[in-house]
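All values reported here derive from a predicted model rather than from experimental measurement.
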Amino acid sequence: MDKAQRKKLISDYKERPVTGGVFLIVNDVTGRVLLLAERDLQGSRNKFQFAQSTNLCAYGKLGEDWRKYGPEAFRFELLEELEKKPEQTPREFQEDLDTLAQLWREKLAEREFY
């Protein structure tokens, strides 16, 4: 790969739309949920799927239940997606996601959280 092609690939990667989101990792046995807000939604999905396929818990708070019930007891549930605006800094984007997560925590107040 020549330098120009490499530069183009890097530029395209940096300019791609970034989608974050608020999601739950749900324990279908106990009903407990872990609420998360992440800047890379696809990466979070991949992390969860990899954890399930390897039976290696990637979320410390779930560890005990993960060992007890197994990875098949958990599922990834998307609550809301948010696309990063071009003028937003990563910190501003994370703050927006954290605000969304807090709103979802209030909406789901009747659920039991990890």
Side-chain angles (χ1 to χ4, degrees):
M1 178 181 318
D2 67 3
K3 276 189 171 185
Q5 186 180 16
R6 180 177 161 85
K7 270 187 161 182
K8 172 82 171 103
L9 287 172
I10 291 170
S11 175
D12 288 350
Y13 176 78
K14 287 181 179 180
E15 292 174 14
R16 81 195 188 293
V18 177
T19 304
V22 178
F23 60 93
L24 297 173
I25 305 295
V26 181
N27 181 330
D28 287 324
V29 176
T30 66
R32 292 174 74 190
V33 297
L34 178 63
L35 179 76
L36 297 165
E38 299 287 340
R39 290 186 301 220
D40 180 3
L41 190 54
Q42 188 57 48
S44 298
R45 254 192 206 108
N46 292 344
K47 177 181 175 179
F48 177 74
Q49 290 170 345
F50 181 77
Q52 278 194 311
S53 69
T54 59
N55 193 23
L56 297 171
C57 183
Y59 308 92
K61 292 180 179 183
L62 304 178
E64 187 177 327
D65 282 355
W66 191 276
R67 285 185 294 281
K68 185 174 182 179
Y69 302 113
E72 61 281 348
F74 295 87
R75 65 183 159 83
F76 186 100
E77 183 179 317
L78 178 63
L79 297 175
E80 193 163 346
E81 286 184 54
L82 184 66
E83 193 165 306
K84 182 181 175 289
K85 297 175 183 101
E87 68 275 3
Q88 275 184 310
T89 65
R91 177 182 223 143
E92 291 169 335
F93 186 47
Q94 186 63 53
E95 287 170 358
D96 286 351
L97 289 167
D98 291 342
T99 300
L100 273 178
Q102 187 56 40
L103 292 171
W104 275 104
R105 186 173 297 280
E106 291 167 11
K107 283 182 188 179
L108 302 171
E110 75 284 352
R111 305 282 299 263
E112 184 180 354
F113 290 92
Y114 279 97

Residues that Q42 engages under side chain to side chain donor-acceptor pair (under 3.5 Å), provided they are two or more places apart
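Per chain and number, Q42 pairs via side chain to side chain donor-acceptor pair (under 3.5 Å) with N46.
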Apply side chain to side chain donor-acceptor pair (under 3.5 Å) to T30 and list each qualifying residue two or more places apart in sequence or on a separate chain.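 In terms of side chain to side chain donor-acceptor pair (under 3.5 Å), with neighbours along the sequence ignored, T30 is linked to N27.
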Contacts of E72 that satisfy salt bridge (charged side-chain N to carboxylate O under 4.0 Å, His left out) - sequence neighbours left out:
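Residues passing salt bridge (charged side-chain N to carboxylate O under 4.0 Å, His left out) with E72: none at all.
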- Excluding sequence neighbours, so at least two apart, what forms salt bridge (charged side-chain N to carboxylate O under 4.0 Å, His left out) with R91?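 Once residues adjacent in sequence are excluded, the partners of R91 under the salt bridge (charged side-chain N to carboxylate O under 4.0 Å, His left out) criterion are E95.
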### Message
Strictly by salt bridge (charged side-chain N to carboxylate O under 4.0 Å, His left out), give each pair with a member in residues 35-51 just once, sequence neighbours left out.
### Response
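Not a single pair qualifies under salt bridge (charged side-chain N to carboxylate O under 4.0 Å, His left out).
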Pairs involving residues 18-35, ordered by first then second residue, that meet salt bridge (charged side-chain N to carboxylate O under 4.0 Å, His left out) (sequence neighbours left out) =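 Found D28-R75, R32-D65, R32-E112.
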| task | Would you please name every residue forming a side chain to side chain contact (heavy atoms under 4.5 Å, CB included) with V18, sequence neighbours left out? | result |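 Applying side chain to side chain contact (heavy atoms under 4.5 Å, CB included) to V18 gives R16, K84, F93.
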>> Which residues pass the side chain to side chain contact (heavy atoms under 4.5 Å, CB included) test with D96, not counting sequence neighbours?
In response: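 Once residues adjacent in sequence are excluded, the partners of D96 under the side chain to side chain contact (heavy atoms under 4.5 Å, CB included) criterion are L82, Q88.
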Has Q52 got a side-chain atom pairing as donor or acceptor with P71's backbone, closer than 3.5 angstrom?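 Checked: pair present.
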Exercise: identify the closest heavy-atom pair between P17 and E83: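 That would be CB-OE2, 3.8 Å.
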Report yes or no: do Y69 and V33 belong to one cluster of Ile/Leu/Val/Met/Phe/Trp/Tyr joined by side chain heavy-atom distances under 4.5 Å?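 No, it is not one cluster - the side chains of Y69 and V33 are not joined through contacts under 4.5 Å.
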| task | Please identify each residue that fulfils ring-ring contact (aromatic ring centres under 6.0 Å, His included) with W104, with sequence neighbours left out. | result |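 Scan of W104 (ring-ring contact (aromatic ring centres under 6.0 Å, His included), adjacent residues dropped) gives none.
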* Under the 4.5 Å side-chain heavy-atom rule for ILVMFWY, direct or indirect, which residues accompany L41? ->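 Other cluster members: F23, I25, L34, L36, F48, Y59, L62, W66, F74, F76, L78, Y114.
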